[in-house]
Amino acid sequence: MMLAEGNQSGGATFILSGFSEYPKLQGPLFLVFLTIYTVTVVGNLGMIMIIKINPKLHTPMYFFLSHLSFVDFCFSTIVTPKLLENLVVEDRTISFTACFMQLFLACIFAMTETFMLAVMAYDRFVAVCNPLLYTVIMSPKLCASLVAGPYTWGILFSLILTYFLLELSFCGSNTINNFFCEYSVIVSASCSEPYISQMLCFVLAIFDEVSSLGIILTSYIFIFVTVIRMPLSGGRQKAFSTCASHLTAITIFHGTVLLLYCLPNSKNSGLIVKVGSVFYSVVIPMLNPLIYSLRNKDVKETIRKLMNQPIKIC
């Protein structure tokens, strides 16, 4: 990380205040977040394993779902272990380099998830509106390109955001009113004028939301029109059921992001940012595999077979 000469940021440290204002809740919160993280790891890695071992799940939809599970696992692993550590230790400091590295990686996977959900909406559009050509349109080459796009944009977005943050000055020890190095709280800890960085984040967040939600809404408008034109109610129900899990995941994720980054600051912005950060970085990665597994017959069938399979002892 290259910093301008005279900038004191290189020697700066940050203090993650986390939930230190609730000393009596440190133990219970540790158990809650540990449980959530355990479910997140087991759920997402389990989803990837189930998709890999079941030939029936070797389809574009589950290919994208496996990448969504990978992104959720990585995102949670970047954030939650440090949260758990700060709930049981007195020293909540984090170095300048570690803080910005956490921010950089978290931004990559947050942006990747945003557009991975849009890619999955396009996949549902093709499956419902062009079922006979689905396997032709969603070729392995196209699927690989559609997955590479969100990762590429996530890296580019994170590089831009981190670069402009590094232009700010951070003097000495700075208290961050959050449990991880989230963008808005790092900006508020700066001892220089953050206007450019704040505007850049706002513009990029609006661009990401408009473009990703534009893809999602356009896809589902065509899906809705196609489903309404179906002659049989059974076909309609099947089409809607294939989209229900995805719509649930989209609503939870984008609702939280819009609340955090695309609404004006309020008097309770610090509390909103902290609660919102918990939700989209800790809770949502746990919810996604549960949403898709509980509503998916093929996934539940694979889990049932694995649980009923006898264990061979050599």
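Throughout, residue positions are numbered sequentially from 1 according to the sequence presented.
Within the 3.5 Å criterion, the main-chain N or O of F19 finds a donor-acceptor partner in the side chain of Q26. A distance-only check finds no donor-acceptor pair linking the side chain of Q102 to the backbone of F180 [under 3.5 Å]. Using modelled atom types, no side-chain atom of S76 and backbone atom of D72 make a donor-acceptor pair closer than 3.5 Å.
With sequence neighbours excluded, no residue satisfies side chain to side chain donor-acceptor pair (under 3.5 Å) with S139. For S190, the side chain to side chain donor-acceptor pair (under 3.5 Å) test picks out S192, with sequence neighbours left out.
Environment of CD1 in I196: sparse, with no more than 12 heavy atoms of neighbouring residues, nucleotides or ligands closer than 6.0 Å.
Y220 has its ring centre no less than 6.0 Å from the ring centre of F224.
Residue pairs meeting the side chain to side chain donor-acceptor pair (under 3.5 Å) criterion with at least one partner in residues 147-159, sequence neighbours excluded, are H67-Y151, W153-D208.
Closest approach of S17 and T175 over heavy atoms only: CB-CG2, 4.1 Å. For the pair Y183 and L103, the tightest heavy-atom approach, listed with the atom from each and the gap, is N-CD1, 3.7 Å. Here the closest heavy-atom approach between residue T40 and residue V282 is recorded as OG1-O, 4.1 Å. Listed here is the closest heavy atom pair of I186 and F100: CG2-CZ, 4.2 Å. The nearest pair of heavy atoms linking F104 to I155 is CE1-O, 4.5 Å.
Looking only at atom types and distance, the side chain of Y134 has a donor-acceptor partner in the side chain of D123 under 3.5 Å away.
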